[in-house]
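Chain naming here is simple, since letters A, B, ... match the order of the sequence lines and numbering starts at 1 in each.
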Amino acid sequence: MALTLLRGIRTQTLLKANAGLFWTTQLSPLACFTTRVEGVQTIEPKTVPKSIQRATKQAAEQKMQGFEAVIGIETHVQLSTITKAFCSCPYDFGSQPNSTVCPTCMGHPGTLPVLNAKVVECAVKVALALNCEISMTSKFDRKQYFYPDLPKGYQISQFDIPIADKGYLDLDLPVEFGGGHRRFGVTRVHMEEDAGKLLHSESGNYSQVDLNRVGVPLLEIVSEPDMRTGIEAAEYGAEIQRLVRYLGVGNGNMQEGSLRCDVNVSVRPIGQTEFGTKVEIKNMNSFNEISRAIDYEIYRQIHLHKESQADQIVQETRLWDESSQKTFTMRKKEGLADYRYFPEPDLAEVVLTSEYVDEIRNSLPELPEAKRRRYENMGLSMQDVIFLANDDNVAHFFDSTLEHGADAKLAANWIMGDMTAYLKDEKLLINESKLTPLELSEMIASIKNGTISGKIAKEILVELIAKGGTVKSVIEEKDLIQIADPAAIEAMVQKVLAENPKQLEQYRAGKTKLQGYFTGQAMKASKGKASPVLLNKILGEKLKGN
Amino acid sequence: MLSAAASAIPRLRCAAPPRQASSRTQWSLLWRRPLSSSPNVAPAAAAASGPGALEPPDLPRLAKSARISLSPQEAEEFAPKIQQVVDCSLELALYDIENKPEREGLRKKDNSLMNYLHTAVGSSLREDKAEPFANRDAIIEALPSYDDPYIKVPRVLNSE
């Protein structure tokens, strides 16, 4: 179904190639960005013809009307430490407002911040995963701003010496968006603290503040302005999400605000080397919205250029409004000097040793990019590769299945097909399934050695996911062993032919399509247990009157 | 509405002693003169004539950054005090702490004086172990305006 949806909308996009400014809002949801099990499993690699990809790309280029977009992203990753960055308050999303606070995070006079060692560890992990240069000595600074979500009046952040810089991130674009490998630069990674949450009452003349989130550790990852389309930017965000989940440093949940992407968008005529005026967009709650917001903003800016109103593009922060699918001015950007950065006198420099960094480097798990390259080398299609590596739990399940001897392509098909479909229907995650990788590999082996048919396997799979157990016990319990005895199958075929003389006559008169009907009847008679290969062979012979 | 409470903030900031002064007594070494005498300090003038010369503090702009409303009279009152703070930091910048043999001990591990101080009071890192603050009631009690379970503040949306 996802396939139909994608194709349908793709075609629509083509037809509407010149339909106006906001065409990209019609794009389908980027199914694979939603991670977990609701990916693109039903799309077979060959179903997105090259011609469509090319035409889509051409349509997009036409839209750009001689302009090029330059996109950079600032990502805030909330670290899933037990306690906050500079005090021992625990943090749990969804706690009673203002319950996890203490004098330090409330900014009371006389309190001092003490850095959580885990924050440094997470920062080094992410920095290494992003191929960054690590600063063996970095420091904290105060970023001054005055707002009720920040009781101290300044945010502890890192300014001129971040913990890491000069990295990059490799990713593969989804096949349905043209595919391709991309490398985007990472300017810097730094540690800082989060602010509280503000709620603005509709009617009253006051705002409400919840300070539970104050002081929760964040990593800010700043990209180079290397992206050119909304899709590329959304995929960059999705790869950061994959990375933090693989590393186990954060849950990367956008709805809860554990992963927040602020994008900077500017456009310039193709060939111009200077950047245009950049506009920051905030308030996107999914990767799909990031893509749409950027595409909207690109065309808003191109439109202004075309109308000779480029001077109306000003450096500002705009908010994405999902309901109207547009961006709106939030505030004109405050200059850098307004933050009045200065070194945080209450915290020591963060000094790392090479042993510490090496230890963390050696403990890193296999990262998404390495996994994709490994899967690709197994001969899996890019569609399979991207799907399997998208979610670390799925990848882990797949890898374990292979360790038990299953064939890669067969395992991938079962996981991406029946298993994912069932889990999606039941709203379960793969690690909540009762089917173990060992049993999946047993099941695949049972099909291969002829004990069960593929059709029976589908039934067994559902049974195993829901209730657990072993393939062997389910086969025995339900008497599902494949009938591979030619004599038994022949008897069944004879019976079916005898019971359907009319159809047999029609078949022999040339209506050979009826073979399917006989196969169905015979399969039914065997309760699905007949070996399909043997059944077809014997049926074929008997139909011809042999 | 904010002005009454807010105008007290600069006064507090100026008058407050450095936090945890007892563990930071070394800092006093740097403060060769009390703040009040700084109008007579030469370094400020010297620095002001150099390439990094600082503009005198723009009180209306500072107040706006801090979302504080200041009357012209208050601005006039605070201007020299803020100038004193600026002068004092300029004086610190001129103070040579790199080539003083008597400070060698402070630099034996790190070049940074602050690092020495932090190391002196123990490891600067903390284990990721939760210790919920026991006296939350007192914190809530101290809030100027509380609307259970939220802290109530003047409306900030679209205040600009």
Side-chain angles (χ1 to χ4, degrees), chain A residues 81-83 86-91 96-106 108-112 114-121 137 139 144-149 151 153 196 198-201 204-211 331-332 334 338 340 342-343 345-351, chain B residues 1 6 9 12-13 16-21 23-24 27 61-62 64-68 89 109-112 114-136 138-140 142-143 145-160:
Chain A
T81 52
I82 296 163
T83 65
F86 303 111
C87 63
S88 300
C89 286
Y91 175 71
Q96 169 81 355
N98 297 302
S99 61
T100 56
V101 289
C102 75
T104 303
C105 54
M106 294 282 280
H108 282 211
T111 56
L112 283 171
V114 185
L115 180 59
N116 182 346
K118 194 85 184 169
V119 174
V120 181
E121 188 188 317
T137 303
K139 69 172 177 65
Q144 328 284 323
Y145 77 87
F146 196 81
Y147 212 58
D149 62 3
L198 275 172
L199 291 114
H200 307 286
S201 61
N205 59 347
Y206 61 91
S207 296
Q208 293 172 313
V209 196
D210 171 11
L211 295 180
R331 61 175 145 84
K332 308 288 180 216
E334 290 182 29
D338 278 349
R340 291 160 284 147
F342 71 83
D346 290 342
L347 286 165
E349 290 173 329
V350 180
V351 183
Chain B
M1 181 170 56
I9 292 172
L12 269 175
R13 291 271 156 86
R19 291 201 268 171
Q20 298 235 335
S23 66
R24 302 276 167 86
W27 269 111
R61 188 176 150 261
L62 279 178
K64 194 169 170 257
S65 303
R67 311 291 198 272
I68 292 171
S89 7
K109 268 191 121 172
D110 291 293
N111 277 330
S112 146
M114 279 312 293
N115 271 2
Y116 175 77
L117 294 176
H118 281 283
T119 316
V121 295
S123 167
S124 57
L125 292 179
R126 172 175 62 80
E127 201 187 329
D128 187 23
K129 212 171 114 192
E131 282 173 41
F133 182 65
N135 202 355
R136 176 180 170 267
I139 292 189
I140 300 298
L143 292 169
S145 181
Y146 182 64
D147 181 15
D148 196 10
Y150 292 102
I151 298 164
K152 207 168 153 184
V153 294
R155 186 176 170 84
V156 288
L157 191 68
N158 299 328
S159 61
E160 287 170 38

*Asks:* Which value, rounded to the nearest 0.5 Å, describes the distance between B:Leu125 atom CG and A:Glu121 atom CD?
*Replies:*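 Atom-to-atom, B:Leu125:CG and A:Glu121:CD are 11.0 Å apart.
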
*Asks:* So which atom in A:Leu199 and which in B:Tyr150 form the shortest heavy-atom distance, rounded to 0.1 Å?
*Replies:*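 Heavy-atom minimum between the residues: CD1-CE2, 3.2 Å.
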
*Asks:* Looking only at atom types and distance, does a side-chain atom of B:Arg136 sit under 3.5 Å from a main-chain N or O of A:Val101, one as donor and one as acceptor?
*Replies:*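 Absent.
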
*Asks:* Chain B heavy atoms under 4.5 Å from A:Val120: which part of the residue, side chain, backbone, both or neither?
*Replies:*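 Only the side chain of A:Val120 comes within 4.5 Å of chain B.
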
*Asks:* So what's closer than 4.5 Å to chain B heavy atoms on A:Tyr91: side chain, backbone, both or neither?
*Replies:* neither

*Asks:* Select one option (side chain, backbone, both, neither) describing which atoms of B:Lys129 are under 4.5 Å from chain A's heavy atoms.
*Replies:*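 Contact with chain A: backbone only.
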
*Asks:* Among B:Val153, B:Asp147, B:Ile151, find the residue that satisfies the side chain to side chain contact (heavy atoms under 4.5 Å, CB included) test when tested with A:Gln208.
*Replies:* B:Asp147

*Asks:* Calculate, to the nearest 0.5 Å, the distance between atoms CD and SG belonging to B:Glu131 and A:Cys89 respectively.
*Replies:*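 That separation rounds to 10.0 Å.
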
*Asks:* So, taking the atom named CE in A:Met106 and the one named CG in B:Leu143, what distance separates them when rounded to the nearest 0.5 Å?
*Replies:* 4.5 Å

*Asks:* Which atoms of B:Glu127 come close to chain A, meaning under 4.5 Å heavy atom to heavy atom: side chain ones, backbone ones, both, or neither?
*Replies:* backbone

*Asks:* Specify the closest pair of heavy atoms between A:Ile82 and B:Ala130, including all atoms of both residues, with the distance to one decimal.
*Replies:*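 Taking A:Ile82 first and B:Ala130 second, the nearest heavy atoms are CG2-CB, 4.0 Å.
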
*Asks:* Which answer fits A:Thr100, side chain, backbone, both or neither, if we ask what part of it has an atom under 4.5 Å from a heavy atom of chain B?
*Replies:*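 When you check distances to chain B, no heavy atom of A:Thr100 falls under 4.5 Å.
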
*Asks:* What part of A:Ser99 is in contact with chain B, defined as an atom under 4.5 angstrom from a non-hydrogen atom: side chain, backbone, both or neither?
*Replies:*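 Its backbone and side chain both get close to chain B.
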
*Asks:* Between B:Asp128 and A:Asn116, is there a donor-acceptor pair closer than 3.5 Å when you use the side chain of the first and the backbone of the second?
*Replies:*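 It does not hold such a pair.
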
*Asks:* Around A:Lys139, counting heavy atoms of other residues, nucleotides and ligands shown, do more than 12 lie under 6.0 Å from its NZ?
*Replies:*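 Yes, enclosed.
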
*Asks:* Counting only heavy atoms closer than 4.5 Å, note whether A:Pro343 contacts chain B via side chain, backbone, both or neither.
*Replies:* neither

*Asks:* What part of A:Pro97 gets closer than 4.5 Å to chain B, counting heavy atoms only: side chain, backbone, both or neither?
*Replies:* both

